[in-house]
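Each residue takes its place number in the sequence, starting with 1. Ligands are counted one by one from 1 in listed order, and the atoms in each one are counted from 1 as well.
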Amino acid sequence: MKRSVRIKIISMGNAETGKSCIIKRYCEKRFVHKYLATIGIDYGVTKVTVKDKDVKVNIFDMAGHPIFYEVRNEFYQDTQGAILVYDVTDRASFEALDSWLAELRNEMGNQAEADNINIVVVANKIDRKRVVDETEGRLWADSKGYQYFETSAQTGQGINDIFQALFEGVVSALENGGKKIPIQTQLGYTKDQIEAIQRLKNAKSDYDRLGLQLGATKDDVNKAYRRLAVLLHPDKSVAPGSEEAFKILVAARTTLLKKCS
Ligand code: GTP
Ligand code: MG
């Protein structure tokens, strides 16, 4: 007998990025050219089979316009999955992605629950002349540990992939006691690697670069060094900036070991 589950999905992203059209394309296999702004929130239900389970999906399609903040804010609770959409022809919609994450976090209240929401980043309107390129979008998504999809609600390209990945992510998390399963990013490197590289490049002190407190011992330094060296060794890591970060790491370790002795 199949087990049936119920999940809650939301859409997020600036107004006019195509959230409603993406959902309509997926659920009704059609596209509407005329822009009909979502007023506050639209709600729909669809049924799918994921990993041999019947899944009832509740979709809350949010209005992107700031004037609807007061209406949509109460619908974040209990969300398990989200499509975070930007429009590749509109840079401002890409730059707004962080503020959408911040809104989600604020409204969720429970941060552990917020961390376990499966989010997929959707670069929409790829049928048109774009101003945000694929690498930029992928890097942003990768740096957050989210899957990334290029889509057109108009042609239908990539639309099913978004929902399949999202539903599988949510169902896998449910099977894992509600804890999200980290993804292997499409570029072949992990969020941990990107964070380590950014930290090594941007930190103000050598202690900070290795993630150590002032007064760390030789042993602490060597442990931190080994952990990061495994993560970033240029022979193994394909994350951009690994080589430079590895050199910074070696130099920081040398300096700190001298200080400790
Ligand atoms: P709000 O509800 O205001 O937050 O907007 P939304 O994100 O739901 O946008 P919506 O789906 O209503 O689409 C906005 C406009 O973009 C409409 O005119 C759509 O026809 C158009 N649009 C959506 N997706 C695509 C796409 O993939 N390609 C093209 N060319 N146009 C699209
Ligand atoms: Mg809409």
Side-chain angles (χ1 to χ4, degrees), residues 7-46 57-108 117-138 140-141 144 146-167 186:
I7 66 176
K8 173 172 174 179
I9 300 296
I10 61 170
S11 68
M12 300 190 293
N14 278 10
E16 245 181 295
T17 50
K19 300 178 294 297
S20 301
C21 285
I22 288 167
I23 293 166
K24 191 164 255 123
R25 166 62 78 185
Y26 175 73
C27 294
E28 301 172 23
K29 311 277 172 259
R30 64 192 184 96
F31 177 72
V32 185
H33 281 273
K34 190 163 175 287
Y35 173 44
L36 293 162
T38 303
I39 309 296
I41 201 117
D42 272 339
Y43 170 72
V45 184
T46 187
V57 186
N58 294 292
I59 303 178
F60 291 80
D61 176 24
M62 298 207 178
H65 198 283
I67 57 170
F68 293 116
Y69 168 70
E70 293 295 338
V71 185
R72 68 174 182 257
N73 64 3
E74 61 191 88
F75 290 93
Y76 283 104
Q77 287 299 329
D78 303 322
T79 294
Q80 290 147 307
I83 59 170
L84 176 56
V85 183
Y86 70 94
D87 170 352
V88 296
T89 72
D90 171 21
R91 177 159 289 278
S93 73
F94 175 64
E95 281 164 4
L97 294 179
D98 280 306
S99 64
W100 283 101
L101 288 182
E103 181 172 311
L104 172 72
R105 262 181 191 286
N106 269 334
E107 300 308 324
M108 285 300 286
I117 297 178
N118 272 273
I119 296 176
V120 295
V121 179
V122 180
N124 190 40
K125 305 197 190 179
I126 55 165
D127 57 282
R128 292 182 57 202
K129 190 176 171 328
R130 66 197 294 161
V131 297
V132 184
D133 68 23
E134 184 174 342
T135 321
E136 215 176 336
R138 274 193 193 281
W140 189 86
K144 306 280 175 193
Y146 304 149
Q147 291 193 71
Y148 170 87
F149 294 92
E150 297 243 305
T151 65
S152 165
Q154 178 162 347
T155 67
Q157 192 181 337
I159 299 292
N160 286 341
D161 301 339
I162 308 172
F163 290 94
Q164 197 177 333
L166 187 59
F167 298 158
Q186 283 125 327

Notebook entry, point to check: Quick one: which ligand 1 atoms are inside 4.0 Å of a heavy atom on V32?
Noted result: 19 (C), 20 (O)
Next item on the list: For K19, take its heavy atoms, then give the atoms of ligand 1 lying under 4.0 Å from any of them.
Entry: 1 (P), 4 (O), 5 (O), 6 (P), 7 (O), 8 (O), 9 (O), 11 (O)
Next item on the list: Could you see which bit of N124 sits under 4.0 Å from ligand 1, with heavy atoms only: side chain, backbone, both or neither?
Entry: side chain
Margin query: Below 4.0 Å, non-hydrogen atoms only: which portion of E16 touches ligand 1? Side chain, backbone, both or neither.
Written below: both
Check: Of all the atoms in ligand 1, which lie at a distance below 4.0 Å from a heavy atom belonging to H33?
Finding: 17 (C), 18 (O), 19 (C), 20 (O)
Margin query: Which of the numbered atoms in ligand 1 are under 4.0 angstrom from any heavy atom belonging to G64?
Written below: 1 (P), 4 (O)
Notebook entry, point to check: Nearest to atom 11 (O) of ligand 1, what protein heavy atom do you find, and at what distance?
Noted result: C21 N, 2.8 Å
Margin query: At less than 4.0 angstrom from any non-hydrogen atom of R128, what atoms of ligand 1 do you find?
Written below: 30 (N)
Check: Can you check whether I23 reaches D42 side chain to side chain, under 4.5 Å on heavy atoms?
Finding: no
Next item on the list: Please report which non-hydrogen protein atom sits nearest to atom 2 (O) of ligand 1, along with the residue it belongs to and the distance in Å to one decimal place.
Entry: T38 OG1, 2.8 Å
Notebook entry, point to check: In terms of atom number and element, which parts of ligand 1 are under 4.0 angstrom from non-hydrogen atoms of A63?
Noted result: 4 (O)
Margin query: Which residue and atom name correspond to the protein heavy atom nearest atom 27 (O) of ligand 1, and how close is it?
Written below: A153 N, 2.8 Å
Notebook entry, point to check: Using 30° and 60° as the class limits, which term best fits the ring planes of Y26 and F167: parallel, tilted or perpendicular?
Noted result: perpendicular
Notebook entry, point to check: At what distance is the nearest protein heavy atom to atom 9 (O) of ligand 1, and which residue and atom is it?
Noted result: G18 N, 3.1 Å
Notebook entry, point to check: Y86 versus V121: any side-chain heavy-atom pair under 4.5 Å?
Noted result: yes
Notebook entry, point to check: Counting each atom of ligand 1 from 1 as listed, which ones have a heavy atom of S152 under 4.0 Å away?
Noted result: 27 (O)
Next item on the list: Determine yes or no for a side-chain-to-main-chain donor-acceptor pair under 3.5 angstrom, with R25 supplying the side chain and Q157 the backbone.
Entry: no
Next item on the list: Could you tell me if any non-hydrogen atom of F31 lies under 4.0 Å from any atom of ligand 1?
Entry: yes
Notebook entry, point to check: Got a donor-acceptor contact below 3.5 angstrom from the Q80 side chain to the K8 backbone?
Noted result: yes
Notebook entry, point to check: Under 4.5 Å between any side-chain heavy atoms of K125 and V85, yes or no?
Noted result: no
Item checked: Proximal candidate to atom 15 (C) of ligand 1 [heavy atom criterion; set K125, K34, R72, Q154] -> K125
Margin query: With side chain to side chain donor-acceptor pair (under 3.5 Å) as the criterion, how do E103 and Y76 come out once you've worked through the C-alpha distance, each side chain's angles and the decisive distance to 0.1 Å?
Written below: CA-CA 9 Å; E103 181 172 311; Y76 283 104; 2.6 Å; yes
Note to self: Measuring only between side-chain heavy atoms, which start at C-beta, is F163 closer than 4.5 Å to V120?
What the structure shows: no
Checklist line | Sidechain N-carboxylate O distance under 4.0 Å for R91, E136 | finding: yes
Check: Can you tell me which residue and heavy atom of the protein come closest to atom 14 (C) of ligand 1, and the distance to 0.1 Å?
Finding: Y35 CD1, 3.5 Å
Note to self: For T17, is there any backbone N or O sitting under 3.5 Å from a side-chain donor or acceptor partner on N124?
What the structure shows: yes
Check: In terms of the angle between their ring planes, are F60 and Y43 parallel, tilted or perpendicular, with boundaries placed at 30° and 60°?
Finding: tilted
Next item on the list: Give a yes-or-no answer on whether the side chains of S93 and D87 include a donor-acceptor pair shorter than 3.5 Å.
Entry: no
Next item on the list: Record the part of D127 in heavy-atom contact with ligand 1 below 4.0 Å; permitted values are side chain, backbone, both and neither.
Entry: side chain
Next item on the list: Decide, counting backbone as well as side-chain atoms, whether T38 has an N, O or S atom less than 2.8 Å from the Mg ion (ligand 2).
Entry: yes
Check: Do any of the N, O or S atoms of S20 sit under 2.8 Å from the Mg ion (ligand 2)?
Finding: yes
